[in-house]
There are 2 protein chains.
Amino acid sequence: MKRYTLEEIGKLAGVSRATVSRVINHYPHIRPEIRERVEAVIAQTGFQPNAVARSLVSSRTNIVGLIIPSTVEEVFTDPYYAYVINGISQSCNTNGLILSLFLIHSLEEERNVIQAVVGTGLVDGLIITASRRNREMLATLLASQLPIVFIGQPDNDTNTHYVDVDNVSGGYLATEHLISLGYENIGIIVSYMNKSGEARLDGYKRALNDHGLPFSEDLVAYGDYSLESGYHAMKQLIKRKPQAVFATNDTMAFGAIRALKEAGLRVPEDIAIIGFDDLPSAQRSENPALSTIHQPIQQTGLDAVELLLKVVNGEVQKAQHQSFRQRWLFAKAAAHLERLAREAKNTATS
Amino acid sequence: MKRYTLEEIGKLAGVSRATVSRVINHYPHIRPEIRERVEAVIAQTGFQPNAVARSLVSSRTNIVGLIIPSTVEEVFTDPYYAYVINGISQSCNTNGLILSLFLIHSLEEERNVIQAVVGTGLVDGLIITASRRNREMLATLLASQLPIVFIGQPDNDTNTHYVDVDNVSGGYLATEHLISLGYENIGIIVSYMNKSGEARLDGYKRALNDHGLPFSEDLVAYGDYSLESGYHAMKQLIKRKPQAVFATNDTMAFGAIRALKEAGLRVPEDIAIIGFDDLPSAQRSENPALSTIHQPIQQTGLDAVELLLKVVNGEVQKAQHQSFRQRWLFAKAAAHLERLAREAKNTATS
DNA sequence: CTAAATATTGAGAGCGCTCTCAAGGTAGAG
DNA sequence: CTCTACCTTGAGAGCGCTCTCAATATTTAG
């Protein structure tokens, strides 16, 4: 398929380059017959304007970059990212944007990639998952003036745009759910990877407090959102004999469940578990069915693109913009599970 | 951070635009003192040449597109894609390429996206997963003359470049493994989604044949590589009372196992299962531990980029290039599993 | 019917870079 | 010391497009 230029199309249609450009960009004030003639040539040749040339003059590439500064392992272990990517991709397709994906495999790579992405003007803006605390990267990025939207609250308090779920409410809901089932000695597995962990922990504390339950550091174990970390955290928590445990993401919840099984404990008869994310694997999991807090991950990706687009277009006031989403749902915790849990409270004693 | 141009850097260093360009592109024949002077200015200003302008003149964007023409569901259900993406991303980072990801969410979107990607000259080349049979898309792509490398043999016999694992050997190995364990009545769950299914089925048939076992259509069930399809295929196969089943990917194997559990059958005591892919979830799975054929998925992604790069650089002869990989390993099928299987053969009768 | 307003089009500059070409320098050969 | 060969640099064209500006064509008001 031959590549045409505006000039050539113009020649074929008997008009100038400029007129063809006008037709393509839907300018008003073009004589209908000329428009038709040009459109006919375009249709016949299959002409599409060169994106690079367009970008050069308009200084807009219509490319948005997605940076996921997690280790490789996480991106696989945690289906969370598949959802984020998908949401973003979908929104890009809808908005005529192109998605460039930057997975970071090492710290050195991080530096290089960020440098290149920021410096060469290839992307109009950046979406970054707040997977990990990283102040160095943040500094470079903010200095670049490039429009950026974070997914999840980033680890700094400057005025950055971000899209996030309401982690405090989420933590609160999860904990309250367990309390409502009659548990009093409730453990929590928190991630220290980013702010979301703190926030969910905060919700946990508040729920305990609101229901007159004491908070104890002993019942807090830490993980990094990975299956393994959930497993180890649970092993540690078992010693404290909690009646129930709130794992701050589903992946750690699965790790925790494995630890419990290994210890010969039944879930939820001996120890109840609630997760966070509502991943499909959680929805499908049986033996036991996992209760979990729904997080509209995919929607978050969509919103991030929309927000970024606004930032790029300068439609957002200078003040930092924080878009919260709080559509919280309990995952379909099977009814029988709740029944079991209720029975469990009668037998389990700390 | 101010954006500089070559011209400005030149002025600051007291040389012409052209000289700065030469320094950046490491041309020989530059007086050392001038080179140093220019490099100093570059370092001090943090100048990086504008990628778009570069692309315009060199007609090379250094962007490679990855098209995954699967339904959304698949991309999540099957961690396979996470690995492919990661391999490609890694290789891109190493080679100074930028990865653009195109997830296709609908057929209409497919048409639009492909059209845009192919027509606007934004990518230097394309990597496409042969997830689904799709001749329409293939036709457009081949007509475009754009360098393309498929991952997995595409559904046509024209001269397209592709990187693939040796599916026939894989199917052969899996089946032979089951045969070596003493099973004779071996079922198979095949995907009809792309050629890989046929090839794995072919390997299965050959293995049966080489070991003097009959092939029966009755023992073949079909799926689409999804968990659900594995589940349903197994339900169907159960009626034929196979002693063992070869699921042509791990995800379907998990579905099959679920079906067996539901039917009150033990794995592998009552029916043995072998998978294909060697996903980490398979490696980690217990209850039962899943035997599986290792597929170097990530490596495939790396190879695809390398090959594409060669094609783009015109280093590949016109003849189609087919790069096979056959590093086959049995996944660590726990020894006890094999023992169990061996015992099972004594009890299980068709 | 004429002037003013508006519609329609092309010429040309320029986005930031690469690359060719030619000019001026410098060094080695004769 | 002169000639040739190579080194070193800048000027300028041009990648394909957008957009301003000015010129021409058409319409409307008076």
Side-chain angles (χ1 to χ4, degrees), chain A residues 1-39 41-42 45-63 96 98 116 118-124, chain B residues 1-39 41-42 45-63 96 98 116 118-124:
Chain A
M1 213 161 70
K2 180 180 180 332
R3 272 277 160 64
Y4 292 87
T5 69
L6 274 192
E7 195 75 49
E8 294 171 318
I9 299 295
K11 197 165 294 172
L12 286 174
V15 295
S16 78
R17 183 175 21 123
T19 301
V20 181
S21 175
R22 291 193 183 100
V23 170
I24 287 174
N25 296 297
H26 303 102
Y27 267 58
H29 308 317
I30 304 188
R31 245 194 310 161
E33 52 202 278
I34 297 241
R35 174 184 300 280
E36 277 165 32
R37 186 142 44 99
V38 172
E39 278 172 347
V41 175
I42 290 175
T45 53
F47 170 75
Q48 288 191 266
N50 181 300
V52 176
R54 272 187 141 167
S55 296
L56 181 59
V57 44
S58 65
S59 53
R60 269 268 236 155
T61 60
N62 288 317
I63 300 178
I98 295 204
V118 162
T120 58
L122 220 160
V123 301
D124 284 345
Chain B
M1 211 159 72
K2 181 180 176 336
R3 274 274 161 62
Y4 291 88
T5 70
L6 275 192
E7 195 76 50
E8 294 172 319
I9 299 295
K11 197 164 295 170
L12 287 175
V15 297
S16 76
R17 184 176 20 127
T19 301
V20 181
S21 174
R22 290 192 184 100
V23 170
I24 288 174
N25 296 297
H26 303 103
Y27 268 60
H29 308 318
I30 304 189
R31 245 191 312 158
E33 54 202 272
I34 296 245
R35 175 185 299 281
E36 277 164 32
R37 187 142 43 98
V38 172
E39 277 172 348
V41 175
I42 290 176
T45 55
F47 171 75
Q48 289 191 266
N50 180 300
V52 175
R54 272 186 141 169
S55 296
L56 182 58
V57 45
S58 65
S59 51
R60 270 269 234 154
T61 60
N62 288 318
I63 301 179
I98 295 206
V118 161
T120 57
L122 220 160
V123 301
D124 283 348

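- If you take CD of B:E33 and P of D:dT8, they are 10 Å apart, rounded to a whole angstrom.
- Atoms CG and CD, from A:L12 and A:E7 in turn, are 11.0 Å apart once rounded to the nearest 0.5 Å.
- The distance between atom CD1 of A:I9 and atom P of D:dT18, rounded to the nearest whole Å, is 13 Å.
- Note that the CZ atom of B:R17 and the CZ atom of B:R22 stand 10.5 Å from one another [nearest 0.5 Å].
- What separates CZ of B:R37 from P of D:dT8 is a distance of 14 Å, to the nearest Å.
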Notebook entry, point to check: Checking side-chain contact (heavy atoms from CB on, under 4.5 Å) for the pair B:L6/B:F47: CA distance, chi angles, key distance, verdict?
Noted result: CA-CA 9 Å; B:L6 275 192; B:F47 171 75; 3.8 Å; yes
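- Residue B:Y4 is out of contact with every strand shown, counting any heavy-atom pair closer than 4.0 Å.
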Next item on the list: Could you check B:N50 against B:T5 for side-chain contact (heavy atoms from CB on, under 4.5 Å), going step by step and ending with a plain yes or no?
Entry: CA-CA 8 Å; B:N50 180 300; B:T5 70; over 6 Å; no
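- Atoms CZ and CD, from B:R31 and B:E36 in turn, are 11.5 Å apart once rounded to the nearest 0.5 Å.
- Taking atom NZ of residue A:K11 and atom C1' of nucleotide D:dG16, one finds them 14 Å apart after rounding to whole Å.
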Polar atom pairs between nucleotides 5-10 of chain C and protein, under 3.5 Å, N or O only, would you list them?
residue	atom	partner	partner atom	Å
C:dT8	OP2	A:H29	ND1	3.4
C:dT9	OP1	A:R31	NE	3.2
C:dT9	OP1	A:R31	NH2	3.3
C:dT9	OP2	A:R31	N	2.9
C:dG10	OP1	A:S16	N	3.3
C:dG10	OP2	A:S16	N	3.0
C:dG10	OP2	A:S16	OG	2.9
C:dG10	OP2	A:T19	OG1	2.2
C:dG10	N7	A:R22	NH1	3.3
C:dG10	O6	A:R22	NH2	2.6

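- Summarising the geometry, the separation between CD on A:E8 and P on D:dG16 is reported as 8 Å, rounded to the nearest angstrom.
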Next item on the list: May I have the step-by-step check of side-chain contact (heavy atoms from CB on, under 4.5 Å) for A:V38 and A:I34, ending in yes or no?
Entry: CA-CA 6 Å; A:V38 172; A:I34 297 241; 4.3 Å; yes
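- At least one side-chain nitrogen or oxygen of B:N25 sits closer than 4.0 Å to the OP1 or OP2 atom of C:dT18.
- When the P atom of D:dT18 is taken as reference, atom CZ of A:R54 falls 5 Å away, rounded to whole Å.
- Considering only heavy atoms from C-beta on, B:I98 stays 4.5 Å or farther from B:N62 through its side chain.
- Summarising the geometry, the separation between CZ on A:R60 and P on D:dC17 is reported as 19 Å, rounded to the nearest angstrom.
- Regarding B:L56, its CG atom lies at a distance of 9 Å from the C1' atom of C:dG16, rounded to whole Å.
- The nucleotide whose nearest atom lies closest to any side-chain atom of A:T5 is, among D:dC17, C:dT18, D:dC19, D:dC17.
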